[in-house]
Amino acid sequence: MNSQLKLLLSDISSHSSRHLKEIQSDLVQTNLLLDEAITQLTGSFEGIAKEVSAYQEAMISLLPHDSMERTPDELDRILHMGDVNKILTLHINSAVTRLQFEDITSQLIRRAARRVDGLREMLECLSQAALEELEDEKERSRKVDWLEELLEGVLVKSQLIDDQLRRAVAQRRLDCGEVELF
Amino acid sequence: MNAKSILVVDDSRSLRQMVSYILNVSGYQVIEAIDGMDGWEKAIAQKVDLVFTDQNMPQYDGMWLIKALRNSENHRKTPILMLTTESSDEMKAMGKQAGATGWIVKPFDPDRMIALVKKLIGDPSV
């Protein structure tokens, strides 16, 4: 009976640990890919804004410098370029706000990865218990003590995970956060 | 003409990139740092007119940086804004106690960020 119990604990520990390691690896990789993607996307938005701005300056430089010499059509084009600039700025600013989802979600992903790591440590308690000697002839009360110690070890590890993983992200939408001056 | 310098401390590369872009476009000079210690070293080595700092960073967090800067002669009065996902009253109270000037909850709005910067340190030109 004891050897079957130890085998069960050992198997649960090793299989679960292997799966949790895979989950942790996937979470870390997801975070890296997100960071890379958002960094490049932000760079692209910056590039678009700079190019449009440079293009507009070039267009304006082609028009007569003296505003008195400009035709109504040319003045309209300058006004239109100003409007385009305002709209572009609005879209870029909106993109900057929305792209911050990466910073926010990466914190959630890191928290999940650390919790997975904590779960693996919890499972090590089972693995350690499986290695301990527990002979068949030991009386029942000793076995109960052993199981209670095992449970206590798991609970302590579980509490440790909660203590180390305070929830820092409460956002559920990407609306702009509040600003407060003290 | 020299531009005013703003130190941006955040462990997220993309977030630093976004804040820097918004501040640069408005004419401010930006210094980037990856955590509290890096921010502290850069703040004491060069002129810094305002600091944006994240709270949750590995090892040296935002609270640590604020306390370190407030204990330094040069940055007793430098405006320091916490830019973080944290929004609890408890954390804000801790930030205020440490010496933060204000608190911005992520995601930030670029227009409001620039308006706040101008309110605290004025236009980009020194």
Side-chain angles (χ1 to χ4, degrees), chain A residues 31-50 52-54 85-86 88-111 113-114 164-182, chain B residues 8 10-26 50 52 54-58 61-63 66 79-117 119-120:
Chain A
N31 232 2
L32 287 172
L33 289 170
L34 265 175
D35 175 61
E36 189 67 28
I38 298 302
T39 301
Q40 286 182 17
L41 262 176
T42 307
S44 297
F45 275 112
E46 285 177 30
I48 291 168
K50 278 179 192 163
V52 170
S53 187
N85 219 14
K86 279 180 195 161
L88 184 76
T89 303
L90 211 65
H91 285 302
I92 295 280
N93 283 357
S94 177
V96 165
T97 301
R98 307 295 174 243
L99 286 171
Q100 290 170 62
F101 86 90
E102 186 270 333
D103 177 63
I104 296 168
T105 51
S106 75
Q107 291 189 47
L108 293 170
I109 291 171
R110 281 203 300 270
R111 187 168 181 261
R114 284 205 293 268
Q164 290 172 347
L165 293 175
R166 198 177 50 79
R167 180 173 277 277
V169 178
Q171 285 85 339
R172 291 190 178 272
R173 295 180 57 86
L174 275 176
D175 295 334
C176 292
E178 59 187 46
V179 174
E180 190 178 338
L181 278 180
F182 297 137
Chain B
V8 177
D10 202 305
D11 59 328
S12 162
R13 178 172 57 152
S14 63
L15 207 288
R16 287 198 309 273
Q17 189 184 17
M18 285 178 221
V19 178
S20 298
Y21 168 71
I22 294 298
L23 294 171
N24 277 325
V25 165
S26 295
L50 184 144
F52 277 107
D54 185 18
Q55 162 55 16
N56 299 313
M57 294 177 283
D61 63 20
M63 294 291 176
I66 294 171
I80 305 175
L81 295 167
M82 192 68 101
L83 178 59
T84 174
T85 55
E86 301 267 8
S87 56
S88 72
D89 290 340
E90 186 191 355
M91 285 300 290
K92 285 181 190 173
M94 281 170 67
K96 190 178 176 182
Q97 177 76 23
T101 311
W103 198 277
I104 302 175
V105 178
K106 293 174 183 172
F108 69 85
D109 171 59
D111 285 336
R112 288 174 78 187
M113 172 180 270
I114 292 301
L116 191 58
V117 169
K119 185 177 179 178
L120 290 167

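Each chain gets a letter, A, B and so on, in the order the sequences are listed, and its residues count up from 1.
Contacts between Asn24(B) and chain A at a heavy-atom distance below 4.5 Å are absent for every atom of the residue. Heavy-atom distances place the side chain of Ile22(B), and not its backbone, under 4.5 Å from chain A. For Met113(B), no part lies near chain A; criterion is any non-hydrogen pair under 4.5 Å. Contacts of Glu102(A) with chain B are made by side-chain atoms alone, with heavy-atom separations under 4.5 Å and no backbone atom involved. Looking at Gln171(A), only its side chain comes within 4.5 Å of chain B, counting heavy atoms on both sides. Both the backbone and the side chain of Thr97(A) come within contact range of chain B, with heavy atoms under 4.5 Å apart. Of the two parts of Glu36(A), the backbone and the side chain both hold a non-hydrogen atom closer than 4.5 Å to a non-hydrogen atom of chain B. For a residue to count as touching a neighbouring chain, one of its non-hydrogen atoms must lie under 4.5 Å from one of that chain's; by this rule Ile92(A) touches chain B with the side chain only.
Interatomic distance, CG of Asn93(A) versus CZ of Arg112(B), reported as 13.0 Å (0.5 Å rounding). One distance of note links CG of Asp11(B) with CZ of Arg110(A); it measures 5.0 Å at 0.5 Å rounding. Rounding to the nearest 0.5 Å gives a distance of 11.5 Å between CD of Glu180(A) and CG of Leu116(B). Interatomic distance, CD of Gln107(A) versus OG1 of Thr84(B), reported as 6.5 Å (0.5 Å rounding).
Between the Ser14(B) side chain and the Asp35(A) main chain, no donor and acceptor come within less than 3.5 Å of each other.
Side-chain atoms of Val96(A) and Phe108(B), non-hydrogen and from C-beta on, do get closer than 4.5 Å to each other. At a threshold of 4.5 Å between non-hydrogen side-chain atoms, the residues Lys119(B) and Leu181(A) count as touching.
In this structure, Ser12(B) and Asp103(A) approach most closely via the heavy-atom pair CB-OD1, 3.1 Å. For the residue pair Gly43(A) and Gln17(B), the shortest heavy atom distance occurs at N-NE2, 3.6 Å. Closest approach of Ala100(B) and Phe182(A) over heavy atoms only: O-CD1, 3.2 Å.
A 6.0 Å sphere centred on CZ of Phe45(A) holds no more than 12 heavy atoms belonging to other residues, nucleotides or ligands.
For the set Gly102(B), Pro107(B), Gly95(B), the count of heavy-atom pairs under 4.5 angstrom toward chain A peaks at Pro107(B).
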